[in-house]
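These notes concern the structure reproduced below.
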Protein chains: 2
Amino acid sequence: MARKRITPGKIRLAEVAKLAGVSPITASRFFRNPEALSAGKRARVESAAKELGYVPNLAARALASQRTEVIGVLIPSLTNNVFSDVLRGIYDALDGSRYSIQLANTRYSILQEERLLRLFLAQKPAGLIITGINQTADSRRIMETVDCPIVQIMEVGPSPIDMMIGFSHFDAAKAAIAHLLAQGYRRIGFLGARMDPRVQRRLDGYRSAMTDTGLFDPQLIVTTAIPTSVTLGGTLFADLLAKAPDIDAVFCVNDDLALGALFECKRRHMAVPEQIAIVGFNDLEFMASSEPTLSSVRTNRYEMGRNAAVMVIETLEGRRPAEPVVDLGFSVMERQSSARRN
Amino acid sequence: MARKRITPGKIRLAEVAKLAGVSPITASRFFRNPEALSAGKRARVESAAKELGYVPNLAARALASQRTEVIGVLIPSLTNNVFSDVLRGIYDALDGSRYSIQLANTRYSILQEERLLRLFLAQKPAGLIITGINQTADSRRIMETVDCPIVQIMEVGPSPIDMMIGFSHFDAAKAAIAHLLAQGYRRIGFLGARMDPRVQRRLDGYRSAMTDTGLFDPQLIVTTAIPTSVTLGGTLFADLLAKAPDIDAVFCVNDDLALGALFECKRRHMAVPEQIAIVGFNDLEFMASSEPTLSSVRTNRYEMGRNAAVMVIETLEGRRPAEPVVDLGFSVMERQSSARRN
DNA sequence: CAATCGCTTGGTAGCGCTGTCAATATCAGT
DNA sequence: ACTGATATTGACAGCGCTACCAAGCGATTG
């Protein structure tokens with residue numbers, strides 16, 4: 001004989017319904033769609049729930065309704081402060097809503113991403129936020145067949161799986177180089193780390209700008225697969241100087257590298273921007289307060305995360321955004337480190 | 001009449017059991033405690049599960065077993081890169097395990113923390129990781145009655161709720177000041193932002209060290225409730241100089257402030273460390289590669305997160321750590337910015 | 001050889017909630 | 001007053017899994 005597992009003190013929906021004098025199903029509706037109840041019952045259920053301190057059992061709800069209120073988030077790194085800004089936006093947008101976040105780290109591997117994707121989707125998430133536009137063919141196929149809102153973040157490109165929010169890394173890098181060119185710099189080096197797809201597109205933007213003006217020279221490019229750091233910025237800058245001692249500017253694919261390059265300049269007593277101009281990417285907070293202040297390409301990371309989450313929620317609530325692809329743009333913050341040479 | 005909701009194609013535990021030629025309950029046991037099965041059945045269930053691509057339904061499992069495999073994590077900030085290191089440690093430790101993370105941001109409010117705590121505990125988490133040792137009395141009471149492993153992280157102190165891992169912020173700050181004193185600095189300023197409980201304890205450590213040597217002077221202390229930033233470091237340092245122009249060193253409660261102070265020194269053409277020594281706190285990556293390199297107090301944030309998660313898992317699996325309170329210590333990284341004056 | 005023991009396996013029921021549909025109450029229109 | 005339409009409410013069963021208990025079975029023991 002199987003046991004009776006009844007937990008005596010626990011407050012279930014049935015208890016709330018009983019106190020409110022309605023059927024359990026009506027009480028259930030109160031929590032999911034209050035408008036469907038008459039004002040009287042609505043008030044009764046509400047006060048009964050409050051009186052008993054009722055908290056719905058999410059597992060039971062998920063099992064019965066065959067869906068969850070969890071939004072899966074796949075990002076490539078927890079270290080990179082770019083993603084912590086995005087995450088903050090996502091968490092802020094979901095704060096106070098019924099939805100929660102399940103986060104996973106792909107470690108910049110699209111195979112790992114595919115594995116995590118399968119894991120997530122098996123639990124029927126309410127929505128999905130995924131980084132970038134470079135997924136495996138299988139990942140794409142899986143996501144296209146699944147029935148939940150999906151937002152690709154960090155960049156925009158052709159053929160979104162569902163929705164998309166970001167900016168063009170190619171254009172952003174190109175604009176940074178255009179700024180340096182406009183300031184009169186000609187031998188502009190490129191420093192890149194990690195070289196994930198978005199960094200690659202920044203390199204493409206750099207190459208395009210340099211080629212357009214006939215200034216392209218492969219000697220000006222230094223890249224590595226190593227993850228970024230300030231220290232690495234100094235090292236790469238030193239490498240660049242060794243390869244191309246005549247550079248007059250350097251574009252760094254992120255601000256950590258730019259800061260590292262700045263420190264390396266100081267160590268070598270090279271004047272910034274007189275001898276070397278420096279431009280970074282992302283416009284982290286410290287760029288505006290360094291000495292000299294560092295130019296950078298501002299990207300709207302917090303807004304990106306926030307809007308991505310909002311897009312998912314709106315879709316879930318039947319108010320799908322009119323425009324599935326949102327380009328948040330960027331702006332080149334021109335500061336002392338790349339000021340016009342005299 | 002109610003409907004039959006049977007989903008035809010779906011692979012449930014029953015299908016796996018059927019293919020393996022065992023009862024559903026035996027298949028269930030395979031996933032929870034493989035050792036309980038005979039080798040033959042174990043192999044049969046395993047291959048059946050793989051063949052069908054079975055993925056357990058976590059909601060059903062949670063409902064039936066009355067517990068989840070979710071570890072709740074309460075941290076005060078998503079912006080602060082100190083916490084991103086801790087989080088990375090937690091995620092790494094849980095990677096590949098059956099447990100997942102539910103993260104929430106208390107925004108440095110213990111009332112918010114209490115609210116989130118109630119929310120979490122209502123879902124019966126497998127474990128809990130919570131920041132700091134300053135919880136509301138109600139929070140403490142709730143946590144003491146709940147039956148799951150709890151780890152308080154970031155600092156150590158008396159009367160842990162359950163387990164604890166961190167270090168003494170008081171001792172760490174005191175050691176930093178001791179280092180400056182040993183180097184011959186006497187008028188040592190203090191820069192503090194946010195002033196959460198841990199920062200307060202660093203201030204206490206500073207005060208203690210200064211008082212011990214008869215050098216304490218309230219004019220040397222500049223604090224603010226504003227969240228930290230590099231820019232703020234510059235501003236606070238300027239404030240400090242206005243209050244106490246004769247300072248010869250400054251201890252900053254974190255590295256962002258230290259970097260801001262360094263830039264402010266450069267702007268004012270004050271030589272570091274000749275005129276002003278600078279010591280930060282946390283030893284973020286950039287401290288070792290700035291120019292001059294910046295002294296700091298190294299804290300083991302990644303290890304803290306990792307070990308906290310491991311402590312939770314070990315407890316869940318019946319191997320409770322012998323020592324419930326772990327002091328991870330710290331080390332003063334003595335670099336150029338606080339080198340002995342000539 | 002019966003009694004006992006430990007290991008493995010299975011049957012039954014139920015975890016707490018919601019989807020489906022039917023039933024009832026309410027209301028406007030003729 | 002009656003019909004049909006609409007707004008509310010309720011009954012039922014079942015979502016997929018596991019807790020509990022019992023039974024089967026070979027090995028051990030006196």
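Only this structure's heavy atoms are used, side chains among them; waters, hydrogens and symmetry mates stay out. Numbers restart at 1 for each chain; the letters A, B, ... are given by sequence-line order, proteins then strands. These figures come from a predicted structure and were not determined experimentally.
Screening residues 125-149 of chain B for side chain to side chain donor-acceptor pair (under 3.5 Å) gives B:E114-B:T136, B:N134-B:R201, B:Q135-B:Q152, B:T136-B:S139, B:D138-B:R141, B:R140-B:E144 as the qualifying pairs, with residues at least two apart or on separate chains. Judged as a side chain to side chain donor-acceptor pair (under 3.5 Å), not a single pair has a partner in residues 43-53 of chain A (not counting sequence neighbours). Every pair passing side chain to side chain donor-acceptor pair (under 3.5 Å) that includes a residue from residues 308-325 of chain A is listed here, sequence neighbours excluded: A:D162-A:R320, A:E314-A:R319, A:E317-A:R319.
Under the 4.5 Å side-chain criterion, counting only non-hydrogen atoms from C-beta, A:I90 is in contact with A:V73.
The distance from atom CD of A:E69 to atom C1' of C:dT18 is 12 Å, rounded to the nearest whole Å. Taking atom NZ on B:K124 and atom P on D:dA19, their separation rounds to 13 Å, with Å as the unit. For the pair B:N57 CG and C:dC15 C1', the computed distance is 13 Å after rounding to whole Å. D:dT18 atom C1' lies 5 Å from atom CD1 of B:I25, rounded to whole Å. Look at CG on B:L58: it is 13 Å from P on D:dG16, rounded to the nearest Å. Taking atom CG on B:L37 and atom P on D:dC25, their separation rounds to 18 Å, with Å as the unit. Between the C1' atom of C:dC17 and the CD atom of A:E15 lies a distance of 13 Å, rounded to the nearest Å. Protein atom NZ of B:K41 is 13 Å distant from nucleotide atom C1' of C:dC7, rounded to whole Å.
Side-chain atoms of B:A60 lie closest to D:dC17 of the nucleotides D:dC17, D:dA19, C:dC17. Distance from the side chain of B:A64 is smallest for C:dC15 among the nucleotides C:dG16, C:dC15, C:dT8. When each of D:dT9, D:dC17, C:dG16 is scored by its nearest atom to the side-chain atoms of A:R12, the top-ranked nucleotide is C:dG16. Minimum atom distance to the side chain of B:L63 is reached by C:dC15, of the listed C:dC17, D:dC17, C:dC15. Closest approach to the A:Q66 side chain among D:dG10, D:dC17, D:dG16 is made by D:dG16 (side chain taken as heavy atoms from C-beta onward). Of the candidates C:dG10, C:dG19, D:dC17, the closest approach to any side-chain atom of B:S23 belongs to C:dG10.
For B:N33, the side chain to side chain contact (heavy atoms under 4.5 Å, CB included) partners two or more places apart in sequence, or in a different chain, are B:E35, B:A36. Under the rule for a side chain to side chain contact (heavy atoms under 4.5 Å, CB included), the partners of A:T106 that lie at least two apart in sequence or sit in another chain are A:L74, A:P76, A:E113, A:L116. Looking at residues two or more places apart in sequence or on another chain, you find no side chain to side chain donor-acceptor pair (under 3.5 Å) involving B:E303. Residues passing the side chain to side chain donor-acceptor pair (under 3.5 Å) test with B:R32 are B:S28, sequence neighbours excluded.
The backbone N or O of A:L78 sits nowhere less than 3.5 Å from a side-chain atom of B:R88 that would complete a donor-acceptor pair. B:Q123 contributes a side-chain N or O that, together with a main-chain N or O of A:P56, makes up a donor-acceptor pair within less than 3.5 Å.
Stem regions annotated for DNA chain C: C:1-30 with D:1-30, counting only runs of 3 or more consecutive pairs of Watson-Crick or G-U type with both contacts under 3.5 Å.
For C:dT8, neither phosphate oxygen OP1 nor OP2 lies less than 4.0 angstrom from any side-chain nitrogen or oxygen of B:R42. Side-chain nitrogen and oxygen atoms of A:S38 include at least one within less than 4.0 Å of the OP1 or OP2 phosphate oxygen of D:dT9. Contact annotation: B:Y54 reaches the phosphate of D:dC17 (side-chain N/O to OP1 or OP2, under 4.0 Å). Of the side-chain N and O atoms in A:R61, none sit less than 4.0 angstrom from OP1 or OP2 of C:dC15.
Near DNA chain D, meaning a heavy atom under 4.0 Å from it, residues 28-36 of chain B has B:S28, B:R32 in order of number.
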